[in-house]
Amino acid sequence: MHHANHFYGHAHVLARYAGLGDGHPPRINGYVQHGWNIGDGLAPGHPYAAGTPSLLWSEQTRRRAWSVGRRNVTVIGAPFAYLLATRPEPPPTQPRAGTIWYPFHGWEGQHVSGDHKELIARIRDTEPGPVTVCLYWHEHRMRRVRRLYENAGFRIVCHGYRGHWWTGTDPDFLDRQLAELRRHTRVASNRLTSAVFYGIAAGCEPAVYGNPMVLAAEDPTFGGTARIRRQWPELHGEQLHLPTAVEIAREELGIDHRHPPAALRELLGWAAPRKETT
């Protein structure tokens with residue numbers, strides 16, 4: 001299995017939905033898009049075998065992949081869409097409150113540079129209620145960055161470790177994220193990212209504002225942040241039109257392309273019985 005299929009517990013979420021239980025997921029026959037992007041669904045820099053099926057989130061991504069010459073592509077919807085199907089929202093024990101804020105983050109191979117103090121000031125001036133700041137594991141481990149948000153009086157959370165090269169995967173990453181989103185009225189970030197779309201799908205009011213910061217050696221192939229702002233202006237600002245945001249999130253997450261369990265097993269190469277190895 002391509003190691004990125006394990007990121008954020010995606011393979012585990014798909015296996016649970018497909019009826020294979022909570023054990024180690026079987027090998028997926030293909031590359032599952034592991035985050036929202038404005039390209040062909042593949043992550044730049046990840047090793048990829050030519051001809052491997054691309055299992056993409058949305059019809060928009062499939063068309064972009066087709067336009068750059070990829071042919072073995074199938075739309076299955078985002079793993080988060082399958083999580084929503086297996087984790088219907090329970091009756092609330094208390095009303096939603098406040099905002100969960102996702103600062104743009106780096107990863108092992110690329111660091112983010114930007115003014116966190118300026119961003120904190122903007123958050124304070126904008127958000128009407130209590131703020132939870134969710135730091136990606138990479139920044140959460142940076143004591144200097146984490147302390148800035150702690151000293152601002154924000155509640156700090158981290159959904160867990162994404163995993164890398166088949167190690168350290170947290171199968172409950174998305175479950176933990178969904179639970180946090182459902183605690184909050186709003187979801188916000190300084191870039192339009194997967195977390196914003198997840199928040200919309202989980203019932204939050206979205207916002208995207210503040211300095212988008214700079215990612216080291218950011219790949220400009222598909223247009224970067226400038227193109228994102230041009231193509232999705234409706235999703236940038238402190239107060240957005242919720243019905244429009246919901247419609248866009250539904251398209252980008254491929255909610256309507258979610259397959260029934262049997263069909264998903266077929267697409268992922270899980271339909272045939274697995275042979276025991278000794």
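One is the number of the first residue; the rest follow in order along the sequence. Computed from a prediction, not measured in an experiment: that's the story for all the values here.
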Check: What is the distance from atom CD1 of I248 to atom CG of L235, rounded to the nearest 0.5 Å?
Finding: 4.0 Å
Checklist line | A65 versus L56, closest heavy-atom pair with distance | finding: CB-CD1, 4.0 Å
Note to self: I want to check something: taking the side chain as every heavy atom from C-beta on, are D175 and R16 in contact at a cut-off of under 4.5 Å?
What the structure shows: yes
Notebook entry, point to check: Can you tell me if E234 and T244 form a side-chain donor-acceptor pair at under 3.5 Å?
Noted result: no
Check: Does one hydrophobic cluster hold both M142 and L135, with members joined at side-chain heavy-atom distances below 4.5 Å?
Finding: yes
Notebook entry, point to check: Side chains of I228 and H236: does their closest heavy-atom pair fall under 4.5 Å?
Noted result: yes
Check: Are any side-chain N or O atoms of R186 and backbone N or O atoms of E127, one a donor and one an acceptor, separated by less than 3.5 Å?
Finding: no
Check: What's the spacing between Y161 OH and F7 CZ if we round to 0.5 Å?
Finding: 8.0 Å
Notebook entry, point to check: What are the two closest heavy atoms between R265 and A18, and how far apart are they?
Noted result: NH1-O, 2.6 Å
Next item on the list: Would you check, one step at a time, whether the test side chain to side chain contact (heavy atoms under 4.5 Å, CB included) holds for V246 with L242?
Entry: CA-CA 6 Å; V246 169; L242 185 58; 4.0 Å; yes
Next item on the list: Start with the C-alpha distance between E252 and W57, add both sets of side-chain angles, then the distance that settles side chain to side chain contact (heavy atoms under 4.5 Å, CB included), and finish with yes or no.
Entry: CA-CA 7 Å; E252 295 298 324; W57 289 13; over 6 Å; no
Check: Given E238 and R122, is the side chain to side chain contact (heavy atoms under 4.5 Å, CB included) satisfied, shown in steps?
Finding: CA-CA 10 Å; E238 297 174 0; R122 181 77 181 274; 3.0 Å; yes
Check: Which pair of heavy atoms, one from R96 and one from L181, lies closest together, and at what distance?
Finding: NH1-O, 3.4 Å
Next item on the list: Search all heavy atoms of P79 against all heavy atoms of L14 and return the closest pair with its distance.
Entry: CA-CD2, 4.2 Å
Checklist line | R70 side chain reached by R64 side chain, heavy atoms, under 4.5 Å | finding: no
Note to self: Determine whether a donor-acceptor pair (N or O, by modelled atom type, separation under 3.5 Å) exists between the side chain of Y82 and the backbone of H259.
What the structure shows: yes
Notebook entry, point to check: Quick one: do I100 and L253 end up in the same hydrophobic cluster if we chain Ile, Leu, Val, Met, Phe, Trp and Tyr together by side-chain heavy atoms under 4.5 Å apart?
Noted result: yes
Next item on the list: Would you indicate whether R71, at its atom CZ, is surrounded by more than 12 heavy atoms from other residues, nucleotides or ligands within a distance under 6.0 Å?
Entry: yes
Check: Backbone N or O of I123 within a donor-acceptor pair of the T126 side chain at under 3.5 Å?
Finding: no
Check: Hey, quick one: are V75 and V73 part of the same hydrophobic cluster, counting side-chain heavy atoms closer than 4.5 Å, chains of contacts allowed?
Finding: no
Note to self: So which atom in N29 and which in L55 form the shortest heavy-atom distance, rounded to 0.1 Å?
What the structure shows: O-CD1, 4.2 Å
Checklist line | Sub-4.5 Å side-chain heavy-atom contact between L178 and L84 | finding: yes
Next item on the list: Please examine the side chains of R176 and D170, heavy atoms only from C-beta on, and report whether any two atoms are closer than 4.5 Å.
Entry: yes
Note to self: Can a donor-acceptor pair be found, under 3.5 Å and without considering hydrogens, that links the side chain of R191 to the backbone of M213?
What the structure shows: yes
Check: So R62 and E59, salt bridge (Lys or Arg N to Asp or Glu O under 4.0 Å) or not? Walk me through it.
Finding: CA-CA 5 Å; R62 186 202 65 78; E59 177 61 21; 2.6 Å; yes
Item checked: Test item: Y102 side-chain N/O and V187 main-chain N/O as donor-acceptor pair under 3.5 Å -> no
Margin query: I'd like to know whether I28 forms a side chain to side chain contact (heavy atoms under 4.5 Å, CB included) with W270, so could you lay out the CA-CA distance, the side-chain angles of the two residues, the decisive distance to 0.1 Å, and finally the verdict.
Written below: CA-CA 7 Å; I28 292 175; W270 293 348; 3.4 Å; yes
Next item on the list: Could you check if a side-chain atom of R182 sits within less than 4.5 angstrom of a side-chain atom of P90, using non-hydrogen atoms only?
Entry: yes
Check: Rounded to the nearest 0.5 Å, how far apart are CD of Q60 and CZ of R63?
Finding: 5.5 Å
Notebook entry, point to check: Do L174 and R87 touch side chain to side chain, with heavy atoms closer than 4.5 Å?
Noted result: no
Notebook entry, point to check: Is there a donor-acceptor pair closer than 3.5 Å between any side-chain N or O of N190 and the backbone N or O of F104?
Noted result: yes
Notebook entry, point to check: Relative to each other, are the rings of Y198 and F80 parallel, tilted or perpendicular (30° and 60° limits)?
Noted result: parallel
Margin query: With a sphere of 6.0 Å drawn around CD of E266, does it hold more than 12 non-hydrogen atoms of other residues, nucleotides or ligands?
Written below: no
Check: Which pair of heavy atoms, one from S54 and one from L42, lies closest together, and at what distance?
Finding: OG-CD2, 3.8 Å
Check: Parallel, tilted or perpendicular: which fits the ring planes of Y209 and W101, with parallel below 30° and perpendicular above 60°?
Finding: perpendicular
Checklist line | pair V157-C134: side-chain heavy atoms closer than 4.5 Å | finding: yes
Checklist line | Distance (rounded to the nearest 0.5 Å) between E251 CD and H257 NE2 | finding: 9.0 Å
Notebook entry, point to check: What is the distance from atom CZ of R143 to atom CG of L148, rounded to the nearest 0.5 Å?
Noted result: 12.0 Å
Margin query: Can you tell me how the ring of H24 sits relative to the ring of H12, calling it parallel under 30°, perpendicular over 60° and tilted otherwise?
Written below: perpendicular
Check: Do you reckon V32 sits in the same ILVMFWY cluster as L83, going by side-chain contacts under 4.5 Å, direct or chained?
Finding: yes
Notebook entry, point to check: Distance only, no hydrogens: is a donor on one side chain within 3.5 Å (strictly under) of an acceptor on the other, for H34 and Y8?
Noted result: no
Notebook entry, point to check: Side chain of R124, backbone of A152: donor and acceptor closer than 3.5 Å?
Noted result: yes
Check: Say you draw a straight line from CZ of R146 to CD1 of I156; how long is it, rounded to the nearest 0.5 Å?
Finding: 9.0 Å
Item checked: Polar side-chain atom of S194 near backbone of W36 as donor-acceptor pair, under 3.5 Å -> yes
